[in-house]
Amino acid sequence: MTLRPATPDDLALLQRWHREPHVAAAVGDDDWAWETELRRSPAWREQLIAEVAGRPIGFVQIVDPAREDSRYWGCIAEGHRAIDLWIGEADALGHGYGTQMMERAIERAFAEPDVTTILVDPREANTRAHRFYGRLGFEFVVCRQFGEARCLVYRLTRHGARRPPN
Ligand SMILES: CC(C)(COP(=O)(O)OP(=O)(O)OC[C@H]1O[C@@H](n2cnc3c(N)ncnc32)[C@H](O)[C@@H]1OP(=O)(O)O)[C@@H](O)C(=O)NCCC(=O)NCCS
């Protein structure tokens, strides 16, 4: 499993993944404006493609919610990172790749010394994702409405990380 930066060459892949029923159910049909977003690399965001043996299988995004353009998270303190992830290729679900992707993303986020807390916001109905984050050490914080979606916010602190970084 490796994570590499997403590029404009990944446009068709990301658009196809976004239409996959298991991704659409988790992420919704919000327009992620892939065509525009893949062409820019703001300092507050990393968009990454997960590859297994050279085959792209999924997407991870790490955002600084205090600096992100749309203020999705509202008014929020410094020191957070918000992570979104999905496995795009349906045949790659349930093989442990999601766990590996999240572990890599957690390591990357906590590599910044000022980052104390990682946030994720799976939809209320996505109970498998709730279990998935729970196994990774995330704790439930609050139920929150983001646009049309009712979500559960979970957090992982440095202290709570399963394998605390050095
Ligand atoms: C959540 C997800 C990243 C986990 O990756 P994975 O490689 O499938 O998971 P792992 O093999 O590491 O771990 C297995 C666990 O993943 C979760 N999972 C597996 N398939 C899933 C699916 N179709 N949808 C949601 N979660 C799923 C479950 O928690 C599963 O454990 P369970 O047997 O207790 O239900 C992946 O399933 C996925 O991309 N789902 C769709 C998008 C999504 O829900 N993203 C997270 C919220 S935005």
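All ligand and atom numbering here is 1-based and tracks the order in the structure. What you see below is based on every heavy atom in this structure, not just the backbone, and it leaves out hydrogens, waters and symmetry mates.
- Ligand 1 does not have Asp84 within reach: every non-hydrogen atom of the residue lies 4.0 Å or more from it.
- Every atom of ligand 1 with a heavy atom of Thr99 under 4.0 Å away is listed here by number and element: 10 (P), 12 (O), 13 (O).
- Between Glu68 and Arg71 there is no salt bridge, since no side-chain N of the basic residue sits under 4.0 Å from a carboxylate O of the acidic one.
- Distances from ligand 1 to the non-hydrogen atoms of Met101 include no value under 4.0 Å.
- Residue Leu93 approaches ligand 1 through these ligand atoms, each under 4.0 Å from one of its heavy atoms: 8 (O), 23 (N), 36 (C), 37 (O), 38 (C), 39 (O), 40 (N).
- Taking every non-hydrogen atom of Ala26 and a distance limit under 4.0 Å, the qualifying atoms of ligand 1 come out as 42 (C), 43 (C), 44 (O).
- The residue from Phe132, Trp86, Tyr133 that puts a heavy atom closest to atom 46 (C) of ligand 1 is Tyr133.
- In summary, the atoms of ligand 1 found under 4.0 Å from a heavy atom of His22, numbered by their order in the structure, are 41 (C).
- Ion pairing between a basic and an acidic side chain is recognised when a charged N comes within 4.0 Å of a carboxylate O; Asp64 and Arg81 show such pairing.
- Of the protein's heavy atoms, Leu85 O, 3.0 Å lies nearest to atom 45 (N) of ligand 1.
- The local environment of CD in Glu35 is sparse, with at most 12 non-hydrogen atoms from other residues, nucleotides or ligands closer than 6.0 Å.
- For Arg4 and Asp10, the salt-bridge test passes: some basic side-chain N is under 4.0 Å from an acidic carboxylate O.
- Heavy atoms of Val23 stay at 4.0 angstrom or farther from ligand 1.
- Ion pairing of Asp29 with Arg19 is absent here, as no side-chain N (NZ or NE/NH1/NH2) approaches a carboxylate O to less than 4.0 Å.
- Listed by atom number, the atoms of ligand 1 under 4.0 Å from His95 heavy atoms are 11 (O).
- For the residue pair Trp17 and Glu89, a side-chain donor N or O sits within less than 3.5 Å of a side-chain acceptor on the partner.
- Remark: ligand 1 and Val27 share no N or O pair separated by less than 3.5 Å (distance only, no angle test).
- Between the side chains of Asp121 and Tyr72, a donor-acceptor pair is found at a separation under 3.5 Å.
- Listed by number with element, the atoms of ligand 1 under 4.0 Å from a non-hydrogen atom of Gly94 are 6 (P), 7 (O), 8 (O), 11 (O).
- Interatomic distance, CZ of Arg104 versus OG1 of Thr2, reported as 7.5 Å (0.5 Å rounding).
- Shortest contact from atom 35 (O) of ligand 1 to any protein heavy atom: Arg131 NH2, 2.8 Å.
- Among protein heavy atoms, the minimum distance from atom 28 (C) of ligand 1 is reached at Arg128 O, 3.5 Å.
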